[in-house]
Student: 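First the structure, which I've put down as structure tokens, then a few questions once you've had a look.
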Amino acid sequence: MQLKHLRTLLSPQDGAAKVTCMAWSQNNAKFAVCTVDRVVLLYDEHGERRDKFSTKPADMKYGRKSYMVKGMAFSPDSTKIAIGQTDNIIYVYKIGEDWGDKKVICNKFIQTSAVTCLQWPAEYIIVFGLAEGKVRLANTKTNKSSTIYGTESYVVALTTNCSGKGILSGHADGTIVRYFFDDEGSGESQGKLVNHPCPPYALAWATNSIVAAGCDRRIVAYGKEGHVLQTFDYSRDPQEREFTTAAASPGGQSVVLGSYDRLRVFNWSPRRSIWEEAKPKEIANLYTVTALAWKRDGSRLCAGTLCGGVEQFDCCLRRSIYKNKFELTYVGPSQVIVKNLSSGTRVVLKSHYGYEVEEVKILGKERYLVAHTSDTLLLGDLNTNRLSEIAWQGSGGNEKYFFENENVCMIFNAGELTLVEYGSNDSLGSVRTEFMNPHLISVRINERCQRGMEDNKKLAYLVDIKTIAIVDLIGGYNIGTISHESRVDWLELNETGHKLLFRDRKLRLHLYDIESCSKTMILNFCSYVQWVPGSDVLVAQNRNSLCVWYNIEAPERVTMSSIRVC
């Protein structure tokens with residue numbers, strides 16, 4: 001990953017005017033900067049300043065300059081900001097969804113010592129460190145705070161893992177402590193992880209390791225249980241100074257560390273399983289970097305400085321244009337941003353397992369995303385922003401994809417049909433069939449939901465040219481088999497999945513009731529047939545007659561109208 005300077009969001013001042021903290025909102029639409037004068041500046045995603053508000057002290061009798069803001073984070077829904085202050089208090093401001101909305105304090109948490117750092121990893125849960133060494137939790141729903149764990153040393157840094165379900169704290173005595181709300185089955189230990197040689201002010205939790213650095217000018221990458229993986233020693237470099245802050249990319253595969261006039265970039269190499277240093281970003285007169293904030297989609301990094309400046313950088317491995325309609329930005333090995341150039345809409349395609357994303361294709365009338373990794377298949381619907389990642393072994397790119405159904409992607413490979421529901425990370429099921437025509441496969445996924453039935457997912461397909469199988473995809477079992485005397489050339493389930501229509505090569509139209517397992521021929525010489533969307537009304541054509549079944553439960557009752565052929 002490379003950093004390219006885009007713009008200066010906030011011009012530096014002549015003297016020290018430290019940017020104390022910064023934060024991006026979860027929806028990527030807002031960026032907040034808190035300056036030394038305790039004012040929060042709000043920017044939009046394009047870097048335009050849109051709003052601002054002043055913070056307030058815990059007690060006005062000590063004056064407006066009696067504290068510093070040490071930590072700031074957006075809520076998961078991006079409508080609130082938590083502010084941690086040195087006058088022993090955390091305020092939560094409701095900023096609203098629109099620019100200019102009134103800023104209202106909706107929570108406050110009084111503490112026994114100064115707040116030194118702060119994160120908001122999950123709904124209602126704010127995690128923060130104190131000068132007295134405790135790491136605590138504030139619940140915005142109950143308006144109460146509690147201690148997660150305590151140490152005897154000042155908390156200098158606090159960070160979370162990529163999922164937000166684990167926290168890591170760095171302390172003034174060099175201790176690094178790990179805690180999980182949910183270890184997600186990793187089995188990693190909790191508690192004191194390692195004793196770093198100096199206070200780890202620059203602390204980042206990446207996907208495959210923990211990166212720590214400080215005043216000794218050494219960057220150390222620790223493994224999952226605290227053993228040293230790599231050390232980058234700059235202590236003999238006269239141009240380097242202490243590392244003051246660090247940030248891991250949202251995908252966890254890049255880490256940036258700030259020092260004096262310089263940002264050092266490290267990228268994780270999945271093939272070599274080591275950190276590789278990219279060319280550092282050196283900017284004369286930048287002075288000490290005091291804060292870093294990475295946009296949640298990984299495309300932008302902002303750096304705040306000792307002199308009050310805020311610089312914005314573009315982050316990407318590579319960028320390409322797809323068919324002059326889409327821009328593909330690879331912000332990390334496992335993460336790609338797909339931008340529609342005409343509408344400006346963006347979708348973030350990401351491997352949740354950290355696998356490197358190979359070529360991205362946009363198929364199905366330029367609506368659906370398909371991408372491979374070494375062990376998974378990524379699918380997505382650009383219109384609904386529903387993304388899926390399923391286990392998939394490489395087959396040389398011989399898969400054929402069908403996108404006729406808006407809810408399900410049908411994948412044919414080596415005589416096997418696999419169904420993937422957009423938004424789900426597990427396949428709906430797989431069946432053996434040699435018939436790849438989408439007119440010979442019908443899938444219904446929770447269409448026209450019925451009372452008392454939560455999930456209704458059914459598949460009808462051809463086992464051979466004269467045999468139809470109907471499968472309940474939730475239970476994974478066969479609920480019907482139809483053996484016909486003639487070749488089937490078309491089939492379709494109704495929206496509720498209770499009736500199946502099929503036509504044979506002799507143009508005979510049949511209705512099959514799945515519940516009663518009864519088959520009825522309802523029309524001869526059928527040249528056209530379709531279920532009316534949103535209903536169980538059936539329309540078909542028989543030579544010069546238009547046939548309509550308004551009550552499919554009584555197939556003998558059909559309304560026929562003659563058609564004049566011009």
Student: Less than 4.0 Å between a side-chain N and a carboxylate O, is that true for Asp51 and Lys30?
Tutor: no
Student: Is the closest side-chain heavy-atom distance between Ser249 and Val331 below 4.5 Å?
Tutor: no
Student: Is it the case that the side chains of Ser254 and Asn267 hold a donor-acceptor pair, with the cut-off being a distance below 3.5 Å and no angle test?
Tutor: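 A pair is found: one side chain offers a donor N or O, the other an acceptor, under 3.5 Å apart.
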Student: Side chains of Asp426 and Ser424: any donor to acceptor distance under 3.5 Å?
Tutor: no
Student: Kindly say whether Gly344 contributes a backbone atom to a donor-acceptor pair with the side chain of Asn340 at under 3.5 angstrom?
Tutor: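 Here the side-chain-to-backbone pair does not exist.
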Student: Does Thr433 use its side chain to pair, donor to acceptor, with the backbone of Phe435 at less than 3.5 Å?
Tutor: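 Yes: the side chain of Thr433 pairs with the backbone of Phe435.
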Student: In plain terms, say whether Arg296 and Glu45 are close enough for a salt bridge, that is, a side-chain N and a carboxylate O under 4.0 Å apart.
Tutor: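 No.
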Student: Taking the side chain as C-beta and beyond, is there a heavy-atom pair between Ile105 and Val92 under 4.5 Å?
Tutor: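 The answer is no, as the side chains (C-beta and beyond) never meet within the 4.5 Å cut-off.
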Student: For the rings on Tyr93 and Phe53, is their centre-to-centre separation under 6.0 Å?
Tutor: yes
Student: Would Asn456 and Asn446 count as having a side-chain donor-acceptor pair, cut-off 3.5 Å?
Tutor: no
Student: Could you walk me through whether Glu184 and Ser163 pass the side-chain hydrogen bond (donor to acceptor under 3.5 Å, both in side chains) check?
Tutor: CA-CA 9 Å; Glu184 302 172 278; Ser163 66; 2.9 Å; yes
Student: So which heavy atom on Asn208 is nearest to which on Trp268, and how close?
Tutor: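 Shortest heavy-atom separation between Asn208 and Trp268 comes out as ND2-NE1, 3.0 Å.
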Student: Looking at Glu485 and Lys506, is there a salt bridge between them, counting it only when a charged N and a carboxylate O are closer than 4.0 Å?
Tutor: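 So Lys506 does not pair with Glu485 through a salt bridge.
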Student: Mind checking side chain to side chain donor-acceptor pair (under 3.5 Å) for Glu406 and listing every partner two or more places apart, or none if nothing turns up?
Tutor: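 Arg367.
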Student: What's the spacing between Cys302 SG and Lys295 NZ if we round to 0.5 Å?
Tutor: 9.0 Å
Student: What's the spacing between Ile468 CD1 and Ile441 CD1 if we round to 0.5 Å?
Tutor: 12.0 Å
Student: Mark yes or no for whether Asn494, through its side chain, and His498, through its backbone, hold a donor-acceptor pair below 3.5 Å.
Tutor: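 Yes, because the side chain of Asn494 sits within donor-acceptor range (under 3.5 Å) of the backbone of His498.
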Student: Rounded to the nearest 0.5 Å, what separation is found between the OG atom of Ser75 and the CD1 atom of Ile81?
Tutor: 8.5 Å
Student: What's the spacing between Thr373 OG1 and Glu389 CD if we round to 0.5 Å?
Tutor: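 That separation rounds to 6.0 Å.
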Student: Would you mind reporting whether Asn544 and Ser562 have side-chain heavy atoms less than 4.5 Å apart?
Tutor: no
Student: Checking Thr207 now: which residues fulfil side-chain contact (heavy atoms from CB on, under 4.5 Å) with it, not counting sequence neighbours?
Tutor: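 Per chain and number, Thr207 pairs via side-chain contact (heavy atoms from CB on, under 4.5 Å) with Cys162, Gln253.
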Student: Measuring only between side-chain heavy atoms, which start at C-beta, is Met72 closer than 4.5 Å to Val40?
Tutor: yes
Student: Side-chain contact test, heavy atoms from C-beta onward, threshold under 4.5 Å: evaluate it for Ser388 versus Leu378 and give yes or no.
Tutor: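 No, every pair of side-chain atoms sits at 4.5 Å or beyond.
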Student: Over 60° means perpendicular and under 30° means parallel, so classify the ring planes of Tyr179 and Phe181, tilted if in between.
Tutor: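 Answer is perpendicular, since the angle exceeds 60°.
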Student: Regarding Glu447 and Lys457, does a basic nitrogen lie under 4.0 Å from an acidic carboxylate oxygen?
Tutor: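 Here Glu447 does not pair with Lys457 in a salt bridge, since their nearest N and O are not under 4.0 Å apart.
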Student: With sequence neighbours excluded, what pairs up with Phe412 under the ring-ring contact (aromatic ring centres under 6.0 Å, His included) test?
Tutor: Phe402
Student: Does Ser209 use its side chain to pair, donor to acceptor, with the backbone of Gly223 at less than 3.5 Å?
Tutor: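 Not confirmed, Ser209 side chain does not pair with Gly223 backbone.
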Student: So, using side chain to side chain donor-acceptor pair (under 3.5 Å) as the criterion, who are the partners of Tyr149 when residues are at least two apart?
Tutor: Ser169
Student: Look up atom NZ in Lys339 and atom CZ in Arg319, then write down how far apart they are to the nearest 0.5 Å.
Tutor: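 Output value for this atom pair is 9.0 Å.
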Student: Closest heavy-atom contact between Cys547 and Leu523?
Tutor: SG-CD1, 3.8 Å
Student: Applying the side-chain contact (heavy atoms from CB on, under 4.5 Å) test to Val420, which of Leu377, Asn425, Ile390 qualifies?
Tutor: Ile390
Student: Taking the ring centre of each residue, are Phe180 and Trp205 less than 6.0 Å apart?
Tutor: yes
Student: If we ignore hydrogens and angles and just use 3.5 Å, is the side chain of Thr467 paired with the main-chain N or O of Leu462 as donor and acceptor?
Tutor: no
Student: Run the side-chain contact (heavy atoms from CB on, under 4.5 Å) test against Asp489 and tell me which residues pass, sequence neighbours left out.
Tutor: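 Asp489: side-chain contact (heavy atoms from CB on, under 4.5 Å) contacts with Arg503.
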Student: Of all residues at least two apart in sequence or in a different chain, which pass the ring-ring contact (aromatic ring centres under 6.0 Å, His included) check with Trp294?
Tutor: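 Result, ring-ring contact (aromatic ring centres under 6.0 Å, His included) vs Trp294: none returned.
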Student: Report yes or no: does Asn161 contribute a side-chain atom to a donor-acceptor pair with the main-chain N or O of Gly164 at less than 3.5 Å?
Tutor: yes
Student: Quick one: do the Ser189 and Glu225 side chains pair a donor with an acceptor below 3.5 Å?
Tutor: yes
Student: Within the side chain of Ser78, is there an N or O that forms a donor-acceptor pair under 3.5 Å with the backbone of Asn27?
Tutor: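 Yes; judged by distance alone, with no hydrogens or angles, the pair exists.
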Student: One thing to verify: whether Asp314 and Arg300 come together as a salt bridge, which I'm taking to mean a side-chain N less than 4.0 angstrom from a carboxylate O.
Tutor: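 Yes, Arg300 and Asp314 are salt-bridged.
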Student: Is any side-chain heavy atom of Trp392 less than 4.5 Å from a side-chain heavy atom of Asn413?
Tutor: yes
Student: Nearest 0.5 Å please: distance from the NE2 atom of His484 over to the OH atom of Tyr512.
Tutor: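 His484 atom NE2 to Tyr512 atom OH measures 13.5 Å (nearest 0.5 Å).
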Student: Under 3.5 Å, is there a donor-acceptor pair linking the side chains of Asp513 and Ser516?
Tutor: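 On atom types as modelled, these side chains qualify, holding a pair under 3.5 Å.
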Student: So, is the end of the Arg318 side chain (NZ or CZ) under 6.0 Å from the ring centre of Tyr330 and within 45° of the ring's axis?
Tutor: yes
Student: Got a sec, which residues hit ring-ring contact (aromatic ring centres under 6.0 Å, His included) with Phe326, two or more places apart in sequence or on another chain?
Tutor: none
Student: With distance as the sole test, does Asp98 use its side chain to make a donor-acceptor pair with the main-chain N or O of Asp101 at under 3.5 Å?
Tutor: no
Student: Is any side-chain heavy atom of Arg444 closer than 4.5 Å to one of Thr496?
Tutor: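 A side-chain contact under 4.5 Å is absent here.
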Student: Salt bridge check: are Lys80 and Glu123 linked by an N-O gap of less than 4.0 Å?
Tutor: no
Student: Under a 3.5 Å cutoff, is there a donor and acceptor pairing between the side chains of Ser430 and Thr418?
Tutor: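 Yes - a donor-acceptor pair under 3.5 Å links their side chains.
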Student: For the backbone of Asn385 and the side chain of Asp381, can you confirm whether one donor and one acceptor N or O come within less than 3.5 Å of each other?
Tutor: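 No: the side chain of Asp381 does not pair with the backbone of Asn385.
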Student: In the structure I gave you, are the side-chain heavy atoms of Leu369 and Lys361 within less than 4.5 Å of one another anywhere?
Tutor: no
Student: Check salt bridge (Lys or Arg N to Asp or Glu O under 4.0 Å) between Glu356 and all other residues, then give those that pass, not counting sequence neighbours.
Tutor: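 Scan of Glu356 (salt bridge (Lys or Arg N to Asp or Glu O under 4.0 Å), adjacent residues dropped) gives Arg271.
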Student: Could I get the full list of salt bridge (Lys or Arg N to Asp or Glu O under 4.0 Å) partners for Glu359, not counting sequence neighbours?
Tutor: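 For Glu359, no residue satisfies salt bridge (Lys or Arg N to Asp or Glu O under 4.0 Å) once neighbours in sequence are set aside.
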Student: Can you list, pair by pair, the side-chain donor-acceptor contacts under 3.5 Å of residues 469-480, counting residues two or more places apart and other chains?
Tutor:
residue, atom, partner, partner atom, Å
Asp472, OD1, Ile474, N, 2.9
Asp472, OD1, Gly475, N, 3.1
Asn478, OD1, Gly480, N, 2.8

Student: Who passes ring-ring contact (aromatic ring centres under 6.0 Å, His included) against Phe74, sequence neighbours left out?
Tutor: none
Student: Looking at Asp297, is its backbone amide N or carbonyl O close enough to the side chain of Gln335 to form a donor-acceptor pair, meaning the two atoms are under 3.5 Å apart?
Tutor: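 The answer is yes, because a donor-acceptor pair under 3.5 Å joins these two groups.
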Student: Can you pull the ring-ring contact (aromatic ring centres under 6.0 Å, His included) pairs that have at least one residue in residues 516-552, sequence neighbours excluded?
Tutor: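 Sorted result for residues 516-552: empty, none.
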